[in-house]
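Remarks on the structure that follows.
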Amino acid sequence: EALSPWVEQAMAAARGMLSEVADGLDPAVGVVRIASAPLVSTHILAPAARAFNATYPKITLELVGSNALAHMERLEADIAIRSSPPTQGDLVAKKLMEFDLVIAGARDVVPDYEPADFDALPWLTWTRDMEDLPETKWLAQVSPNARIVLRAAEQTTLLEAARAGVGVSLFDAPFARMQKLRVIDPAPPFRPRGALWMVTHRALRTVARVDLVWRWCLESVRALEETA
């Protein structure tokens with residue numbers, strides 16, 4: 001049964017206050033739960049956690065890799081990193097990055113790009129229950145007769161299949177280049193765009209340890225942009 005908005009906000013505020021009391025005088029203590037797609041938690045946040053832990057050893061990072069959107073109003077996560085901003089709730093959102101989505105795969109699979117080649121490519125895409133994703137909508141639009149060789153519910157699976165030469169898929173441009181995949185950069189009007197947003201409940205935004213992790217997430221994503 002859904003909770004009323006004021007009850008959800010009261011729960012968030014109470015959680016923030018109780019956490020601060022439990023932490024005593026040291027704000028850099030406690031657990032911060034971050035929900036994100038597995039690709040983000042595995043390839044961006046986890047590798048960057050060592051430096052954060054060295055600076056803030058009393059904060060435990062709890063990474064929850066899931067393609068399902070965390071229900072922030074019900075406190076399923078302290079911070080969520082997602083592909084779209086929230087449309088309701090007393091939430092704070094910040095755009096982390098905006099990027100081109102590119103077609104990418106193993107070098108022996110990706111041919112020289114020609115606009116007419118979309119239908120001929122062996123496609124890796126999402127399962128049918130994820131047809132609302134920008135990537136699946138784009139593929140259905142530009143290549144209605146796409147030859148789909150594999151579907152998966154996680155982008156990490158699509159990545160490993162692409163690296164193994166099974167086929168090609170849409171990936172964030174910085175990430176695809178970081179993984180040394182061969183990239184096809186579709187020319188407009190075929191070029192899709194993507195974004196990453198960071199979200200937290202307004203009542204948690206000023207909690208000290210949440211703020212520290214918020215800033216760390218921002219720095220970690222920016223570092224990815226700089227190295228891509």
Side-chain angles (χ1 to χ4, degrees), residues 33-49 61-71 76-77 79-84 96-111 113 117-186 190-199 217 220-221 224-225 227-228:
R33 184 177 176 90
I34 310 166
S36 67
L39 204 66
V40 173
S41 61
T42 301
H43 295 280
I44 299 178
L45 300 182
L61 300 171
E62 191 169 295
L63 304 182
V64 183
S66 173
N67 288 310
L69 294 180
H71 198 310
E76 293 178 357
I79 295 173
I81 298 176
R82 48 199 281 182
S83 60
S84 60
L96 292 174
M97 65 186 299
E98 192 171 4
F99 44 79
D100 289 328
L101 292 168
V102 295
I103 303 168
R107 294 186 176 274
D108 60 340
V109 173
V110 177
Y113 172 69
D117 286 344
F118 281 134
D119 288 348
L121 293 172
W123 282 97
L124 316 169
T125 189
W126 297 88
T127 51
R128 296 183 185 277
D129 59 329
M130 306 181 81
E131 291 178 347
D132 287 336
L133 289 177
E135 294 92 331
T136 53
K137 288 182 177 179
W138 178 88
L139 183 58
Q141 179 182 1
V142 304
S143 185
N145 300 313
R147 182 165 64 91
I148 297 173
V149 298
L150 183 145
R151 294 182 185 272
E154 290 189 0
Q155 200 170 23
T156 47
T157 304
L158 297 176
L159 170 64
E160 290 307 313
R163 293 175 64 179
V166 179
V168 302
S169 190
L170 282 179
F171 295 104
D172 309 346
F175 185 77
R177 293 187 171 95
M178 183 179 73
Q179 294 295 315
K180 303 189 184 305
L181 296 173
R182 184 174 181 185
V183 168
I184 297 173
D185 193 1
F190 298 107
R191 180 179 295 138
R193 297 281 290 168
L196 279 181
W197 292 79
M198 185 160 55
V199 182
C217 290
S220 299
V221 172
L224 171 66
E225 291 185 283
T227 58

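Just so you know, these numbers come straight off a predicted model, no measurement behind them.
Residues forming a side-chain hydrogen bond (donor to acceptor under 3.5 Å, both in side chains) with Thr157 (at least two apart in sequence, or on another chain): none. Annotation: side chain to side chain contact (heavy atoms under 4.5 Å, CB included) contacts of Glu160 (sequence neighbours excluded): Arg163. Taking the side-chain hydrogen bond (donor to acceptor under 3.5 Å, both in side chains) definition, one finds that Thr156 meets it with Glu154, sequence neighbours left out. For Arg151, the side chain to side chain contact (heavy atoms under 4.5 Å, CB included) criterion is met by Thr125, Thr127, Arg128, Ile148, not counting sequence neighbours. Scanning for side chain to side chain contact (heavy atoms under 4.5 Å, CB included) contacts around Ala104 gives Phe171, Ala176, Leu181, Val183, with sequence neighbours left out.
Pairs passing the salt bridge (Lys or Arg N to Asp or Glu O under 4.0 Å) check and including a residue from residues 164-176, sequence neighbours excluded, do not occur.
Ring geometry for Trp123 versus Phe118: interplanar angle of 30 to 60°, hence tilted.
Closest non-hydrogen pair, Ala77 versus Ala35, comes out as CB-CB, 3.7 Å. Looking at every heavy atom in both residues, Arg82 comes nearest to Ser84 through NE-O, 3.0 Å. Of all heavy-atom pairs spanning Pro38 and Gly65, the tightest one is CG-C, 3.9 Å. Closest heavy-atom contact between Met198 and Cys217: SD-CB, 3.5 Å.
Separation of atoms CD1 (Ile81) and CG (Leu45) is listed at 5.0 Å; rounding is to 0.5 Å. With values rounded to the nearest 0.5 angstrom, Arg33 atom CZ is found 4.5 Å from Glu62 atom CD. The CE atom of Met97 sits 11.0 Å away from atom CZ of Phe175, with the distance rounded to the nearest 0.5 Å. Taken to the nearest 0.5 Å, the CG atom of Leu124 stands 11.5 Å off from the CD1 atom of Ile103. The distance from the CG atom of Leu63 to the OG1 atom of Thr42 is 8.5 Å, given to the nearest 0.5 Å. Distance CD/Gln155 to NE2/His43: 9.0 Å, rounded to 0.5 Å.
Pro122 is listed as a side-chain neighbour of Val109, based on a closest heavy-atom distance under 4.5 Å. Counting heavy atoms from C-beta on, the side chains of Arg193 and Leu101 never come closer than 4.5 Å.
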